[in-house]
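One structure is given below, encoded as structure tokens.
Computed from heavy atoms alone, side chains included, the values below leave out hydrogens, waters and symmetry copies. Remember, it's a predicted structure, so these values are computed and weren't measured experimentally. Naming convention: chains lettered A, B, ... in sequence-line order (proteins, then strands); numbering from 1 in each chain.
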Amino acid sequence: GSPQDTASGGGDGAAPVKVGLVYSQSGPLASYGKQYIEGFKAGLDYATKGTGKVGDRKIELTEADDAGDPAKAVSAAKDLIGKGSKIIAGSTASGVALQVAPIAAQNKVLFISGPAATDAVTGANKYTFRSGRQSYQDVVTAKSFIGDATGKKVVVFAQDGAFGDANEAAVKKVIGGAGATVSSVRAPASATDFTPFASQIKAAKPDLLFVAWAGTTAPAMWQTLDQQGVLASTTVVTGLDIRASWPTFGAAGSKISFLSHYFDGASDTEAAKAAKAKIPGGTLDLFHPDGFAAAQMVVRAVSEGGDDVDKMVKALEGWQFDSIKGPMTIRAEDHALLQPMYQAKLSGSGTTFTAAAQKSLTGDETAPPVTQMKG
Amino acid sequence: MTNSVVEAPPAQVPDELTPGRSRWHGLRPFLPLVALVVAAIVPYSTVNLPGFFEGPLNSPGTLQLLAICLVFGGLAAGYDLLFGRTGMLSFGHALYFAAGVYGTDVLVTRAGLPLWQAALLAVTGGTILAALLGAVALRTVGIAFAMVTLAFAQVGAIVVARDFKLGSGEGLTGGEEGLPLDVSGLPAALVGVTNTVNLYWLALAYLTLVVFVVHRVSGSPTGRVLAGLRDDERRIGVLGLDPYRFKLVAFTLAGGLATAGGVVYCLIVGGASPHVTSSELTLSLLVMVVLGGPGTRWGPVLGGILYMYLDHRLTAFGSSDAVDNLPAFLSHPLSQPLFVLGTVFVLAVYFFPGGLTSLRSRLTPLLTALRRR
Amino acid sequence: MSVEPVLAVEDLSVRIAGLHILQGVSFTVAPTGVTVLLGRNGVGKTTTLRAIVGLTPRSGEVRGTIRMGVQSLLARPTHRLVRGGLGYVPEDRCVFAGLTVAENLRLAERRGSTPAYDKVFALFPELDRRGRQRAGSLSGGQQQMLAIGRVLLNDNRLLLVDEPTKGLAPKVVTEVAEVLERVAESVPVLLVEQNLAVVRRLAKDAVVLSAGKVAWTGNAQELLLETALTKSLLGVGSGEVHA
Amino acid sequence: MSTLVLLTLTGLGLAALYFLVASGLSLVFGLADVLNFAHGLFLGVGAYATWWAADNLPGAGSDGFGFVVAVAFGVLAGTLVAVLVELVLIRPLYSRTIEQVLVTVGLSLAGVALLQATWGADARPFPRPSWTREVTGVLGANVPNAGLLLIVAAAVVLGGLLAFLHWTRYGLVIRAGVENREMVTALGIDVRKAFTLVFAIGGAAAALAGALGGVYFGTVSPGQGGSLLIFAFIVVVIGGMGSVVGSAYAAVAVGLLQQFVNYYGTSGLGDICVVGLLAVVLLLRPQGLAGKVATA
Amino acid sequence: MLATRGLTWRIGEVAIVDSVYLDLAPGEFLGVIGPNGAGKTSLFNLITGLRRPTEGRILLDSEDVTALPPHRRARLGLGRTFQASSVFGSLTVRENVRLAVQAHRGGSMKLWRRAAADREVAAAADAALDRVGLHHRGAALAGTLAHGEKRKLEIALLLAGEPRVMLLDEPMAGVSAEDVPELVEVIKSLTGDSGRSVLMVEHHMDVILELADRIAVMHHGALLACDTPETVMANATVQEAYLGESL
Ligand SMILES: Nc1ncnc2c1ncn2[C@@H]1O[C@H](COP(=O)(O)OP(=O)(O)OP(=O)(O)O)[C@@H](O)[C@H]1O
Ligand SMILES: Nc1ncnc2c1ncn2[C@@H]1O[C@H](COP(=O)(O)OP(=O)(O)OP(=O)(O)O)[C@@H](O)[C@H]1O
Ligand SMILES: [Mg+2]
Ligand SMILES: [Mg+2]
């Protein structure tokens, strides 16, 4: 054989459509990955009406574990593309999504990023789409908690690094742009004790505190903010993480205003009902919608585009569809996924907590600004 | 007491310094060449090794995996120049690798340099960095040296994670999300899945280069001094040689080789992620070297290749049906790649104390005994 | 030798890393006095002593029998043997460099018997004076004193001593010889020694090794008297013996 | 003023946590000469066992005496695992230090993955007495009780270890055994027992640190031990290998430095300062603060 | 050739080496004796640069070398053996000596030449091994040598460096009686010809008496006497403090 052979996609009308799913089955984000794949399978079932087929072509899923490591994800993506997949979906971690996106562009295959929240995926290139929300949408939702922002004092508390940077920048733009003064307190993601940061926040006396923190140290962080009286003295907004993490908020949980991408009961759409019926356990969680939407997008791409990736891209751009969260729009300019977002409150104690939606924001209300498509 | 952790690794006489005495003596010099030729023509083979690789040998996925393995084989061989051959335990080797990865990536993606310039600058920079930091760290010995190098590497990791801003507000390194390589300025032969084979050859060239350099250096007068340093540094001084200078040379050389590996790795993976700055990477280099056999010519190479192979393939193994169908108390741990890797590693240290290459000498008595029958 | 020997070595073979170092060594140690083990560098004297205390390296293989009375010593762990009264002074002193002199001695105390510090300090007052110094910084000779001293702290049934006077000043050599002479009155000693003057003074019986085999056994004084014999076995004329 | 008090006391609490983690590490490293990367695993075992016991062990709970029972169970579990590791994995490799270290590296990979396979990657809320969630007012500062608990525990552990090293021969036996194992046996001492004991104590200290770390963080997660381990290493090395007292000083230095720099400086500077401290200390005094001068 | 001027090394209050003035003429053989712990090895360590003196100076060919690191002194022609044998245990005996030869001849910083190809180095190394009678052990790992063989290897390493000033620290300790005369010959041959100077610590008085032109006596760190063998042996203090009553 020649060293530059790759398997061809097969133009045959009834040949199965190969779809590669590269996401975290192991590693620190394994539980996000699990929700994603459950959502994806439910979504596929929903979009193909239980047949698993588009027309008479079967959707053939190949799953690969990236363990949160971009290098592994790239290897897996190349492998899948080499074997004829025209569609790659997945990417639980932002770092993975950002490195797989160029691979998709170089090889002209469709890439639908998953739970990865980084804004940089939006507009990354022509072949890259997203099935989840992005940081900017979180921040816009947070803004809805303070009403009129003019003259208000807002503090962002975020971890060092790109995730924190993106959130800080978004807050400056969204809430600062609306007339608030925004300052920030940053901490290393590896911080063990949060007292110094809590003291800094307290000294700043903000009207609104926006917290962007991911990782296992979050509970300790919340406890310290609570103990140092930050939660009692101001409105604190943060994103609501997966269900399993709720009990770790402890007493702090009820004092926080949550913005939410999704939680069970946030919506009551057809798709949500179908998904609930399909996924193991019957309780929806944060990243089920991402997988679900990704499957819907895959089915759309295949049914409109066949094996032609450029047609698939055309078919997705500007497409509006109903998913778990409600009506969604793929913005044609930069492939941002406009979708509803939620305000939520947490109540309960011990190990049983429940979230209740306070308000939901439409996709237009939370739309990020249009970015320039890079490639 | 302070030094004992880094007492010379399980003594291995460098192959180069002992005369060969096997029957294959006449053939042996050519074996590496044969191996190289075989490795170079692998991409022309469509052989399927089910269970070992996902696809035929010439499929992009397999070549990509092999390329990564080869780079790490070279990296481990370079690290062995420090650890196995000179007896220096550095916990910060990842820094120089990362310098290659991020150096190339930043220079290409953010500064827009052509690849060859970026690669040249990165390798020069990484080597100089190794020389400078080595000059400071080598003022200490033993575990203190290990910890100082770890500290330097940690600062590197923090700098990468901090994602310093350029004027435009764009982060230099992309923080924890990493920095995808901008391929628009790259030679077309290095871009796209169909060209994975070129990356494979590049990796093979890198490995060959490292093995050649390490082999040449350890067989040289300098290599003899390095082997002496491993045993008794004070003695080297009394013989009239400056231990510091020789250690610095080894450190710089190893650093430079690691940086070059970083350049190649950056191209293969198509970007940089903070993974490569972590102290775990150095630890895994150590693991590779010990797995293969420190101070031997092929041990570290084999160790590196095997480790990376397992690291990548175990994720597939963990999610395979064979594992899923096992009872939960088995399938849960087995679906964790790190569990399998850790266990394999413990068993390897336990049962092959001299590394993979010691297998040969362990098996020889057995084989001769069998042959005599 | 009408009395039962305290130690009987029979057909002892030791292989280390493929080398056949001892090839069927047999000898006995009388229950009183000093038995001296002689031979050139590398013939296997140290290897013999180490095999007796069970310290052959793991890569080594020991065959034959070693008995103390009726009890076989092979296959018993070293620490048991030593607790049972087998004292060993190694060739390289092996003091614990990181520990102080006092700690080195304290470590050598054996449970169940009162350590005879006064006896040791009377022999080597230096050890008393330097109690708080780290043994690694002792001079070579001082380390040798410590190595001997710590064995004498306890009661022993047999002492194995490997080149105790190596590196000692002539005056101390004399002292150590006196010490061993006195010790040997109550405890039998198997001694490896290159200093023939010391051998002359102490030894009752002698065993001469040559290339892993026993070349001669018998009365030590006889050996030293016969110039021809010493010349052929040890390569020295008797003139040098008197040095 | 109250900020100063707050930062000092919480800094000491952090130092106490570091010391608890470092003490066992320092003991095993200093005495048995094994740089134990599996220490994080022992920590995790202690934390998860305590967490498990509070819900499942009769008599144990999350409050009052029940919590003490749960912690005791956790410590016991950590000790057992440590002893097992020593007997099965470390002992056969004695005097091959590098290989021992590497076995612990492999073990830490496999062990943490095993914890994750069993209980999932996500953090779980840790059962703990409600008073540990509260604060005590000291000179106008709200000092978390969990931090105070850590300080007390660290003091107790420090005292206990010093007593062990001072009043028993084991310290001596093991220090000597690391230098020359053969010679220790030639003095009539069963050195293997002593090594197992040191591992047991190291494991117990780690497990206690894991359990109390759970109280401090309010959660357990598989990776928790590993992330604390880096700072514990730094503390051990700055303090001087094997010096328990040195580790205590170093822990206080690192804890306070981190806390104050994090407050007064920019973010991330705290960590860089700690790493810088490590480098400076080692370059000026390679044997660490309290370490003995290396033998020539 | 070699001179020390008020050389002193203190640890805390204790002077281990106490204000030593020593002169070694070219071609001279100076024996050093003294009780255990007198500071003989410490004096060697100061001269070779393994320890820094607290006071005093060291002159080599009237050049002040007090501040130079060990390897610089070695390059100026200062060689030594160690009391506790210190050889490269994981290298073969032959390779040990080749390393020493190579260190002496220069060219150690050649990264790209094949070490084994240098016939001259190999020949010089074999010659040195021959001289101490270790030729037959050339392929053994130095770490596995018997004690006495290590002593001989030490001397071979020294020979390989062809130093002008040699410091021998108890070269005979542990060498079997048979081999002593042989080694004495080796050492003698070193000095006779080439104007090399030797400083030798030894407790075997007969060896010292046979070889030394002068004998220096150290006691408690200080130089008690430095004179001809006859005078020194007649000295009552030496008799009493060092020799004791002979066996
Ligand atoms: N661990 C080992 N591996 C290989 N060979 C060894 C080992 N130990 C000893 N030998 C060899 O065994 C032989 C005998 O050594 P041993 O130490 O018993 O001699 P010895 O009679 O005590 O000599 P000396 O008088 O020099 O102390 C030597 O040739 C030595 O090289
Ligand atoms: N670091 C140190 N701390 C305290 N005392 C020391 C140190 N180093 C050496 N000494 C002491 O200095 C003295 C001189 O030691 P040195 O080794 O020079 O003696 P020596 O003359 O060579 O004796 P020997 O003939 O026994 O080898 C000894 O008493 C030794 O204990
Ligand atoms: Mg011997
Ligand atoms: Mg001396």
Side-chain angles (χ1 to χ4, degrees), chain C residues 49-50 52-59 76-100 102-113 115 133-138 143 146-147 149-157 159-162, chain D residues 26-27 29-34 87 90-97 99-100 164-198 240-244 246 286-288 290-296:
Chain C
L49 293 202
R50 289 174 65 89
I52 296 172
V53 273
L55 286 178
T56 309
R58 292 175 140 226
S59 58
R76 284 183 30 123
T78 304
H79 66 94
R80 289 266 166 72
L81 293 178
V82 174
R83 263 190 232 158
L86 190 62
Y88 174 56
V89 180
E91 178 172 40
D92 295 321
R93 297 164 192 152
C94 298
V95 297
F96 299 105
L99 270 49
T100 64
E103 283 172 332
N104 265 282
L105 289 172
R106 193 138 52 85
L107 197 63
E109 293 174 12
R110 280 182 217 149
R111 220 170 299 153
S113 70
Q133 188 178 335
R134 287 189 334 112
S137 68
L138 288 177
Q143 290 185 10
L146 180 55
R150 69 180 168 192
V151 171
L152 298 184
L153 218 47
N154 306 287
D155 295 329
N156 290 298
R157 285 165 57 204
L159 274 184
L160 309 176
V161 187
D162 202 346
Chain D
S26 167
L27 194 73
F29 181 32
L31 294 183
D33 212 13
V34 177
L87 288 182
I90 306 289
R91 180 176 284 188
L93 294 174
Y94 79 75
S95 79
R96 301 217 303 264
T97 332
E99 268 119 326
Q100 286 177 336
F164 168 74
L165 291 175
H166 259 267
W167 302 117
T168 68
R169 253 162 69 100
Y170 284 103
L172 209 54
V173 169
I174 293 161
R175 269 159 62 205
V178 168
E179 254 185 55
N180 187 340
R181 209 159 163 136
E182 222 171 47
M183 196 52 222
V184 177
T185 40
L187 291 177
I189 299 162
D190 186 359
V191 72
R192 293 175 304 179
K193 254 190 229 152
F195 274 76
T196 314
L197 183 71
V198 159
M241 335 285 166
S243 165
V244 176
Q287 71 275 22
K292 295 155 238 124
V293 186
T295 338

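Summarising the local packing, CZ of D:Phe164 is surrounded by more than 12 heavy atoms from other residues, nucleotides or ligands at distances under 6.0 Å. Applying the 6.0 Å contact sphere to CG of D:Asp190 captures more than 12 heavy atoms from other residues, nucleotides or ligands.
For chain D, the nearby part of C:Val95 is the backbone; its heavy atoms alone come within less than 4.5 Å. Both the backbone and the side chain of D:Val184 come within contact range of chain C, with heavy atoms under 4.5 Å apart.
With values rounded to the nearest 0.5 angstrom, C:Asn104 atom CG is found 8.0 Å from D:Leu172 atom CG. To the nearest 0.5 Å, the span separating CD1 on D:Ile189 from OG1 on C:Thr78 amounts to 12.5 Å.
Interface summary for chain D: among C:Arg83, C:Arg110, C:Arg80, the most heavy-atom pairs under 4.5 angstrom belong to C:Arg83.
Checking side-chain atoms of D:Arg169 against main-chain N and O of C:Arg106 turns up a donor-acceptor pair under 3.5 Å.
The nearest pair of heavy atoms linking D:Asn180 to C:Phe96 is O-CE2, 3.6 Å. Here the shortest heavy-atom pairing between C:Cys94 and D:Met183 reads O-CG, 3.4 Å. Nearest heavy-atom pair, C:Leu99 versus D:Ala176, reported as atom, atom and distance to 0.1 Å: CD2-CB, 3.8 Å.
Using a 4.5 Å cut-off on side-chain heavy atoms (C-beta onward), D:Lys193 and C:His79 make no contact.
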